[in-house]
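A short write-up of the structure that comes next.
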Amino acid sequence: MERDYDIVIVGSGAGGGTVAQELAPLVEHGRRVVVLEKGPRLADHEFTGVELEMAQALYEQGGGFLTHDGTMTLAFASAYGGSTVVYTGTSLTAPERVIRGWDVPGLEHADLLRRSAKYAEQNNVHPLEQSLINDNNHLFVTGGRKAGYAVEQFPVNVKGCRGSSLCNLGCPNQAKQGTNRVQLPRAEQAGVEVVTRAEVLRIRPDRTLDVRVTAKAPGGKGAPSEWPPGEHRVRAGLVVCAAGAIGTVALLFRSDLVGRLPRLGRGFTCHPALILVGEHPQTITNDVGHPKSYFVDRAAAEGFVLETCMYFPFVTAKSLTGFGASHSAIMRAFPRLQMILLLACDRATRENRITVDGAGRPVVHYRLMPDTIDGLVRGTRAAARILFAAGACRVHVPAEPPLIDAAEAGRIEQRITARHFRPGTLALSAAHLMGGCAMGRSPTDSVTDAWGRVHGTPWIRVADASLFPDSLEINPYLTIMALADRVAEAVRADV
Amino acid sequence: MVAASPATERFRPIWRAVATSVVPEAAQLGATEWAEVEAIVTGALAARPARTQRQVALFLTLLDWLPLVRYGRRLRALDGARRARVLSLLQRAPSLLIRRGFWGVRTLVLLAYYGRPAAAAAIGYRADPRGWDARERADGA
């Protein structure tokens with residue numbers, strides 16, 4: 001089946017959803033705009049908060065996408081709203097020094113700030129009311145300040161948060177203001193079509209897209225696709241790729257663009273993360289309340305960021321080092337656990353990149369660099385200090401043995417060392433997937449210009465985190481929206 | 001047919017031996033719960049490419065026979081302490097391939113055990129979509 005559109009947007013997350021909203025006024029002027037989303041559109045009642053069920057429904061490979069060497073899990077969503085369905089809504093603006101360091105001609109920090117403010121307002125970004133903050137977060141503040149760290153509160157994009165703690169499984173109360181709640185419904189109201197379960201396999205040089213629409217599996221979650229299952233051919237005047245760092249890069253590889261874009265897939269970064277756990281003598285509120293309200297930003301000085309977090313039984317279990325009785329003992333202490341998420345600030349390197357295999361599936365090559373390992377070690381030590389300062393009787397970290405009692409709190413430096421941070425012995429995961437279609441000057445240093453135009457193929461644009469030339473060092477979604485806003489502005493000017 | 005599935009006679013004993021070492025509480029599971037665990041592992045393997053399934057099958061076979069060299073018995077026939085020692089060695093093996101294999105199997109066991117709502121409840125996990133309202137009602141606040 002063949003269809004015609006003026007603009008095709010691939011992906012509906014922070015980038016695609018934003019572009020859809022910003023291009024929606026073109027529909028009134030007779031332009032046809034469609035969003036093709038690989039994942040399903042779930043009804044409100046389908047967000048149950050049940051761990052495996054929701055992970056299977058919302059995440060690519062159920063949340064188990066692995067890097068090529070199998071040592072790190074990459075978590076990203078595949079659903080109407082993309083990863084904005086499954087993040088915690090933390091909304092920070094890009095640091096000035098980071099944008100300066102990217103050195104992209106035509107990209108100014110002040111411009112990103114202005115656009116970020118627009119989306120912060122649209123998505124109701126604000127610090128959560130103190131009455132809704134749980135013990136897990138309060139303990140981070142207390143421990144962090146006692147240990148000498150500057151603790152800051154996250155602005156979050158929630159409206160009517162009931163404190164389910166289930167943000168990463170999709171908010172069951174529709175409180176989180178992702179693109180699935182704000183930008184996409186607005187775009188659809190204005191006449192933009194959104195087609196779910198529609199995977200773009202390839203963009204051809206004649207501006208046609210090969211699209212595969214999959215049928216809803218029996219018993220699965222989500223509505224059937226808006227188009228009939230099968231192969232479709234879509235003719236496009238202009239294509240905006242916003243399928244996320246991995247999806248967009250893989251699509252451009254499958255479209256044979258790598259010959260003209262030697263930097264395609266290069267410069268992948270991801271904030272490798274560890275979950276660190278402290279056990280308190282008393283029960284605390286941890287699995288109720290918004291999970292992520294505070295953070296400590298040591299990115300510039302020490303290469304890490306610490307954030308409050310609370311995960312579900314399986315994710316917690318797999319994130320702990322070891323197995324057997326000691327592992328079970330920590331799991332049985334679940335109601336007394338305080339959790340901290342450690343994000344290491346990695347740098348774009350030559351080795352870390354995205355490619356595709358023979359079948360066109362994305363392959364992420366990632367190796368921990370010595371600087372990143374140092375960031376993980378420093379961050380783990382800092383987290384342990386905070387957990388002990390908050391009153392934890394023992395902490396669980398990558399060490400041998402992994403449990404450190406409060407009596408040993410003075411020996412953190414000796415107990416937590418780089419030799420325990422070997423790939424394949426750590427439960428590393430990452431959810432901030434960045435780079436691969438970096439903005440820059442020319443094909444020799446980048447894939448697009450500062451407005452997301454692909455070098456040499458200006459009818460293809462990129463509007464997602466793959467545009468980042470290097471790590472953002474903070475939670476990226478507001479910056480993705482700001483960049484997507486720029487891409488949409490350029491598209492409006494060009495069509 | 002899912003290679004390495006714990007629902008097959010060939011792989012069930014080794015999966016159970018590993019599962020009860022990784023999560024000692026698994027030894028208390030009844031037939032229905034084991035069936036649930038096996039279904040979760042089988043489902044997770046089925047979602048992976050055939051090549052990955054074959055790699056898991058190969059690793060499990062290796063894992064089962066490796067202790068023969070040192071203890072004269074397969075892993076499935078070892079006592080708990082010896083099994084734990086073997087798995088600890090694999091967890092710290094110099095070869096990334098071996099460490100990766102161990103982590104993969106460990107992850108599948110944890111997925112199947114803690115992914116069951118009954119196991120989540122047993123460790124005191126109480127998250128509820130209704131959040132604070134549900135907690136306050138449950139605690140009688």
Side-chain angles (χ1 to χ4, degrees), chain A residues 47-53 55-56 61-62 64 66 69-71 73 131-132 134 161-166 169 171-173 175 283 285-290 310 312-325 327-328 331-336 359 361 400 422-427, chain B residues 18-26 40 43-44 47-49 52 55 80-81 83-84 87-88 91-117 119-136 138-139:
Chain A
F47 290 92
T48 59
V50 176
E51 186 176 13
L52 297 195
E53 183 184 304
Q56 206 57 49
Q61 294 187 16
L66 291 170
D69 71 359
T71 58
T73 307
S131 60
L132 296 173
N134 65 13
C161 176
R162 297 180 69 186
S164 73
S165 81
L166 299 165
L169 300 176
C171 180
N173 303 306
T283 298
T285 48
N286 53 15
D287 53 8
V288 61
H290 188 276
M310 177 47 60
F312 322 105
F314 161 59
V315 171
T316 304
K318 99 176 160 96
S319 302
L320 300 173
T321 306
F323 64 91
H327 183 278
S328 285
M331 288 303 291
R332 282 197 306 272
F334 204 94
R336 292 181 277 119
R361 290 179 298 243
E400 190 54 50
R422 274 198 311 169
T425 60
L426 283 177
Chain B
V18 176
T20 50
S21 297
V22 171
V23 186
E25 290 89 336
I40 294 173
R48 295 278 169 183
T52 309
Q55 285 171 340
R83 247 189 271 153
L87 295 180
S88 287
Q91 183 180 229
R92 293 192 303 265
S95 156
L96 174 60
L97 209 61
I98 300 287
R99 296 201 300 272
R100 228 181 92 173
F102 171 77
W103 272 81
V105 170
R106 171 191 181 272
T107 300
L108 285 168
V109 167
L110 296 172
L111 170 85
Y113 186 83
Y114 288 108
R116 295 171 309 118
I123 57 168
Y125 177 71
R126 299 166 69 200
D128 185 300
R130 292 159 299 163
W132 289 109
D133 293 345
R135 185 61 55 94
E136 280 161 15
D139 292 349

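In what follows, chains carry the letters A, B, and so on, assigned in the order in which the sequence lines appear, proteins first and then strands, with residues in each chain numbered from 1.
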Under a 3.5 Å distance rule, please check whether B/Arg92 uses its side chain to pair with a backbone N or O of B/Arg99 as donor and acceptor. no
Return the option, out of B/Ala122, B/Gly115, B/Ala26, with the maximum number of heavy-atom pairs under 4.5 Å with chain A. B/Gly115
Less than 4.5 Å apart, side chain to side chain, heavy atoms only: is that true for A/Gln56 and A/Leu52? no
Heavy-atom contact with chain A under 4.5 Å, split by part of B/Trp132: both
Both conditions, 6.0 Å and 45 degrees, for the charged tip of A/Arg336 above the ring of A/Phe334: are they met here? no
Tell me, do A/Leu169 and A/Phe47 make a side-chain contact under 4.5 Å, heavy atoms counted? no
Given a strict heavy-atom distance threshold of 4.5 Å, which part of A/Asp69 is in contact with chain B: side chain, backbone, both, or neither? both
Identify which part of B/Leu96 has an atom lying under 4.5 Å from any heavy atom of chain A, answering side chain, backbone, both or neither. side chain
Can you tell me which portion of A/Pro313 sits under 4.5 Å from chain B's heavy atoms? Options are side chain, backbone, both or neither. both
Ranked by heavy-atom pairs below 4.5 Å to chain A, first place among B/Thr20, B/Ile123, B/Asp133 goes to B/Ile123
So, the part of A/Thr48 with a heavy atom under 4.5 Å from chain B: the answer is backbone
For B/Ala119, is it the side chain, the backbone, both or neither that has a heavy atom under 4.5 Å from a heavy atom of chain A? neither
Listed partners of B/Tyr114 passing ring pair (Phe, Tyr, Trp, His ring centres under 6.0 Å), at least two apart: none
Is there any side chain to side chain donor-acceptor pair (under 3.5 Å) pair reaching into residues 120-130 of chain B, and which pairs are they, with sequence neighbours excluded? B/Arg126-B/Asp139, B/Asp128-B/Arg130
The interface call for B/Ile40 against chain A, heavy-atom contacts under 4.5 Å, is side chain
With a 4.5 angstrom heavy-atom cut-off, is it the side chain or the backbone of B/Tyr113 that approaches chain A, or both, or neither? neither
